[in-house]
Amino acid sequence: MAWALGPRAALLLAAAWSVGLATGTGITASSTHFNRAEYEENQIITSLNNCPLCAEHEPCLMSCRKQENKGWGECLDRCLGDNPMLLETFKGMVQSSSSLRGFGS
């Protein structure tokens, strides 16, 4: 069934499913709508939890992005500014993501 969506969509769904299994969360897939930008944003935020050096920064980033609705650039500067290596790494992730480029500077 997933291949009816095309190989790229099937690959994204498989990746989302495997991430869901690894993190213990369930993922509900719909063949009618896949919000790539939301998925990529959540993956970037979640990746902070998988990084031993940056897990404590996740609450700040979640609050800045989800509650305050600030742009990626402002949130990354605020939440990761104390670690230049992490800041540049996550800025690179956001810039390389096609659907997140327009989310603030």
Side-chain angles (χ1 to χ4, degrees):
M1 173 155 165
W3 288 107
L5 300 173
R8 188 168 186 207
L11 182 61
L12 286 172
L13 288 173
W17 179 74
S18 65
V19 168
L21 288 178
T23 61
T25 60
I27 293 181
T28 303
S30 168
S31 62
T32 58
H33 180 70
F34 179 75
N35 188 330
R36 182 183 177 111
E38 183 178 331
Y39 172 77
E40 288 180 356
E41 179 163 338
N42 287 333
Q43 288 302 105
I44 290 171
I45 293 171
T46 301
S47 69
L48 286 169
N49 282 332
N50 298 328
C51 167
L53 298 173
C54 42
E56 70 272 5
H57 298 286
E58 188 267 343
C60 174
L61 192 58
M62 277 294 269
S63 174
C64 186
R65 287 292 299 149
K66 302 290 184 176
Q67 279 88 39
E68 298 176 39
N69 296 314
K70 301 292 183 183
W72 270 110
E74 182 177 342
C75 291
L76 290 172
D77 286 339
R78 179 193 309 174
C79 300
L80 301 177
D82 63 338
N83 188 324
M85 181 185 76
L86 288 177
L87 179 61
E88 290 307 312
T89 299
F90 280 87
K91 279 189 173 184
M93 289 171 64
V94 169
Q95 290 172 352
S96 70
S97 173
S98 61
S99 57
L100 297 177
R101 283 187 206 155
F103 281 22
S105 52

Kindly indicate, with the supporting measurements, whether the criterion side-chain contact (heavy atoms from CB on, under 4.5 Å) is fulfilled by Lys70 and Arg78. CA-CA 10 Å; Lys70 301 292 183 183; Arg78 179 193 309 174; 4.1 Å; yes
query = Is it true that Cys64 and Cys75 have SG atoms closer together than 2.5 Å?
reply = yes
For Gln67 and Met62 the tightest heavy-atom approach is OE1-O, 3.7 Å
When rounded to the nearest 0.5 Å, the distance separating CD of Glu38 from NE2 of His33 is 7.5 Å
Item to complete: Could you go through the side-chain contact (heavy atoms from CB on, under 4.5 Å) check for His57 and Asp82 one step at a time?
Response: CA-CA 10 Å; His57 298 286; Asp82 63 338; 3.2 Å; yes
When rounded to the nearest 0.5 Å, the distance separating CG of Leu80 from OG1 of Thr89 is 9.0 Å
d(Leu76 CG, Arg65 CZ) to nearest 0.5 Å is 8.5 Å
_Whether Ser63 side chain and Pro59 backbone form a donor-acceptor pair below 3.5 Å_ = no
(Q) Does Glu58 form a side-chain contact (heavy atoms from CB on, under 4.5 Å) with Asn50? I'd like the steps, not just the answer. (A) CA-CA 10 Å; Glu58 188 267 343; Asn50 298 328; over 6 Å; no
When rounded to the nearest 0.5 Å, the distance separating CG of Leu61 from CH2 of Trp72 is 5.0 Å
